[in-house]
Protein chains: 2
Amino acid sequence: MEEATTDGRVLRGEATRERVLDAAERLFAAEGFDAVSIRRIAAEAGVTLGVVGFHGGSKQKLFRTVLERRVEALNAARRARLAELRAQDATLEMRDLVDGYLTPYLDHASRGDPQWRAYARLIARIVSDDRWYPEVGGLYDPVAQEYLDAMHELRPGVPREELVTALTLTVASMLSLVASRARIAGLSGREAGGPMDYRETLIAFCLGGIEAVAAHGR
Amino acid sequence: MEEATTDGRVLRGEATRERVLDAAERLFAAEGFDAVSIRRIAAEAGVTLGVVGFHGGSKQKLFRTVLERRVEALNAARRARLAELRAQDATLEMRDLVDGYLTPYLDHASRGDPQWRAYARLIARIVSDDRWYPEVGGLYDPVAQEYLDAMHELRPGVPREELVTALTLTVASMLSLVASRARIAGLSGREAGGPMDYRETLIAFCLGGIEAVAAHGR
DNA sequence: TGACAATTTATACGCTCGTACAGATAGTTT
DNA sequence: AAACTATCTGTACGAGCGTATAAATTGTCA
């Protein structure tokens, strides 16, 4: 029942904790906070009821923990991309910024392991919810601001609020694509194809949208 | 306690039913299906528990009724705009199509009565939910198909699936704007201004996105 | 080995939930 | 006025909920 890390430290509880968080992530992503009970999370994780409370605290605390667990990984990936772009000699392009912001999410959401896909769906759910977004959305804001700074350097004449709106709509488009693949396939009358066929279309859409807003905002 | 219609017919139950549906619409929009109990809907509507069941049926049925109640009005407004565009002599422009599809929703969501605003938020919530969208999203599909047809006429070389994706992202952007006005104001560091300042920005973004997808899709 | 801390089990409490239904009330019809 | 139907009230039931906690178990370390 035990697992050993590479450095030899033994952890019994830490592995259980991860299982609980994974189970909560899957269920919350699929059905939302209110539809999922702690008992179902326990069953999904293969532990007893009390263990969820022991590792996760209250239901709200557990939910917040799930939401916060992967923020740093995403922020780091986006920051790395931005740093990479700034380090290179060639001029910064708007397309690179859009790509740099969307790709870390899309990679995890489409090709990565199921847990990341669940997390992506969970974020898509949270973003239209006044009850949860204020608690967690702010964690993504600092990096968004860095990208907004870069966008502002690129299009100095455009009011920042216009860029904010454009980036918000970009994020919304990104999240909706994760949640809507099946629907798009249905509307266009064919089966869902390979993994994330729509990535290029998404980037084209967002880039075109941002450029149009920039042009419109003088 | 009674109300009389213009034609003299007396209706006791119908007015109550509307009150129940209005209350359900407000609460479901603000907090979602699972977070709202029938008892709270009853209290919000100022009726007793049993009345909600009498007029609304089961909780699921009530929810579906709320979702379906305003579909026809939106579909009719969109169809009317499309017919108007087709009747005029000038060439059909992509901008007109985007405007025609978005405006009925935006008008209701921003300027209309609070019930319509609640409905708009409810739809924004539903669209990222696999549990509910299949039951109700299809009601909007026929009109979406008509707009897709018009878009296809305008850009015959573009694969229909690309247009479907572009329209889906457009709708997602529209819905997110309703749900995100406060957040955009926060990110850009100033107070929320007048009603729906972002409407032009939204249309510019979606139009630019669609054109970019059309160009990208050959 | 025995004490100690971390973890897991099992159970209980008070609450709210969705649903159902018998009876009261009111409007309409005969 | 009496019968009838639509609407509303009040109450009850069983189930599941989040949370707390005492006891059992396990692993660690003196």
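Below, chains carry the letters A, B, ... as their sequence lines are ordered, and counting in each starts from 1. Just so you know, these numbers come straight off a predicted model, no measurement behind them.
- We find that CZ of B:F54 is positioned 18 Å from P of C:dG23, with the value rounded to whole Å.
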B:L122 vs B:R70, test: side-chain contact (heavy atoms from CB on, under 4.5 Å). Steps then yes/no. CA-CA 11 Å; B:L122 184 54; B:R70 305 192 189 276; over 6 Å; no
Evaluate the side-chain contact (heavy atoms from CB on, under 4.5 Å) criterion for residues B:R199 and B:L177: first the C-alpha distance (whole Å), next the side-chain angles of each, then the deciding distance (0.1 Å), finally the verdict. CA-CA 9 Å; B:R199 178 204 216 98; B:L177 202 62; 6.0 Å; no
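- The nearest whole Å value for the distance from the NZ atom in B:K61 to the P atom in C:dG18 is 17 Å.
- In this view, A:N75 and A:V71, A:E72, A:R79, A:Y140, A:V143 satisfy the side-chain contact (heavy atoms from CB on, under 4.5 Å) rule, not counting sequence neighbours.
- Near DNA chain C, meaning a heavy atom under 4.0 Å away, the residues from residues 21-41 of chain B are B:V36, B:S37, B:I38, B:R39.
- Side-chain nitrogen and oxygen atoms of A:H55 include none within less than 4.0 Å of the OP1 or OP2 phosphate oxygen of C:dA6.
- Looking at A:R125, its side chain never comes within 3.5 Å of a backbone N or O of A:F33 through a donor-acceptor pair.
- Side-chain atoms of A:L49 lie closest to C:dT11 of the nucleotides C:dT8, D:dC8, C:dT11.
- One can place CG of A:L62 at 14 Å from C1' of D:dT19, the figure rounded to the nearest angstrom.
- Atom pair B:E18:CD and D:dT7:P shows a separation of 13 Å (rounding to whole Å applied).
- Summarising the geometry, the separation between NZ on B:K59 and P on C:dG18 is reported as 4 Å, rounded to the nearest angstrom.
- Between A:T16 and C:dT8 there is a side-chain polar atom (N or O) within less than 4.0 angstrom of OP1 or OP2.
- Taking the six-membered ring for Trp and thresholds of 30 and 60 degrees, A:W132 and A:F63 have ring planes inclined between 30 and 60 degrees apart.
- Within the structure, every side-chain polar atom (N or O) of A:S58 is placed at least 4.0 Å from both OP1 and OP2 of D:dG18.
- Side-chain contact annotation: B:D107 with B:T103, donor-acceptor N/O pair under 3.5 Å absent.
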